[in-house]
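Fair warning: this is a prediction, and the values are worked out from it, not measured in the lab. Convention: sequence-line order gives letters A, B, ...; per-chain numbering from 1.
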Amino acid sequence: MRYWLMKSEPGNYSIDDLKRDGKTDWTGVRNYQARNFMHKEMKVGDLALFYHSNAEPSGVVGLMKVSGEARPDRFQFDKKSDYYDEKATREEPIWFCTEVAFVEKFAGVVSLADLRANPKLAKMEILRKGSRLSVTPSTKDEIKEVLKMAGAIFKL
DNA sequence: GCCAACGTTGGC
DNA sequence: GCCAACGTTGGC
């Protein structure tokens, strides 16, 4: 079992959207490293923090669970989509998404400043200077700590 | 394979 | 809106 942090701009897709939908395909990842995490390393049952980027404030807002293995991201074939990729074919897709399911929305945002202020999270990938990856691996201890900070109901 | 130019992310 | 810190592209 592995642990992750996944970013989304709430204007694009928020924790409330996931709560409403119950589950969703995590589409739109167009970075090879992030893709490889989803395609090769993420497994059904893994846990992931939901992070709002470009938000007020930016930070961790909830928890989700990987509910479906990586499959081709349908938007790479959709000419009308911002995520269209002319080099991708049905036979040889380039971009993949996993399916994630809603677990919990936290009572409040654990902001980036909160994360930075916690020495136990000093090694978290998201806190690295210049870190921009939208899907990053985390650790059980880090997730546990964030859940604690959030006053989460879910117990690890 | 190098690297300059350009594009993107995302905090502030 | 600014800009640091990347990632990608393409000429050579």
(message) Below 30° counts as parallel, above 60° as perpendicular, anything between as tilted: where do the rings of Trp26(A) and Phe50(A) land?
(response) perpendicular

(request) Could you check how far CD of Glu125(A) sits from P of dC6(C), rounded to whole Å? (result) 10 Å

(message) Taking the side chain as everything from C-beta on, heavy atoms only, tell me whether Thr27(A) gets closer than 4.5 Å to Tyr83(A).
(response) no

(message) Among dC12(B), dG7(C), dA4(C), which nucleotide has an atom closest to any side-chain atom of Lys129(A)?
(response) dA4(C)

(message) With a 4.0 Å cutoff (strictly under), does any side-chain N or O of Tyr83(A) reach OP1 or OP2 of dT8(B)?
(response) no

(request) Starting from P on dT9(B), measure out to CG on Asp82(A) and report it in whole angstrom. (result) 10 Å

(request) Find the distance Ile126(A):CD1 to dG11(B):C1' and express it as a whole number of Å. (result) 11 Å

(request) Measure the distance from CD1 on Ile94(A) to C1' on dT8(C) and round it to the nearest whole Å. (result) 13 Å

(message) Output the rounded distance in Å from CZ (Arg128(A)) to C1' (dG11(B)).
(response) 15 Å

(message) Rounded to whole Å, please give me the gap between CD in Glu9(A) and C1' in dT9(B).
(response) 8 Å

(message) Closest approach to the side chain of Lys7(A), judged atom by atom: which nucleotide of dT8(C), dG11(B), dG10(B) is it?
(response) dG10(B)

(request) Look at the side chain of Arg30(A) and the base of dT8(B), then say whether one donor and one acceptor between them are separated by less than 3.5 Å. (result) no

(request) Could you tell me the separation between the CZ atom of Arg132(A) and the P atom of dC3(C), rounded to a whole number of Å? (result) 17 Å

(message) What is the separation between atom CG on Asn31(A) and atom P on dC6(C), rounded to the nearest whole Å?
(response) 13 Å

(request) Can you establish whether the number of heavy atoms outside Ile153(A) located under 6.0 Å from its atom CD1 is more than 12? (result) no

(request) For residues Trp4(A) and Glu41(A), determine if any side-chain heavy atom of one lies less than 4.5 Å from a side-chain heavy atom of the other. (result) yes

(message) Side chain of Asn54(A), heavy atoms from C-beta onward: which of dC6(C), dG11(B), dT8(C) has the nearest atom to it?
(response) dG11(B)

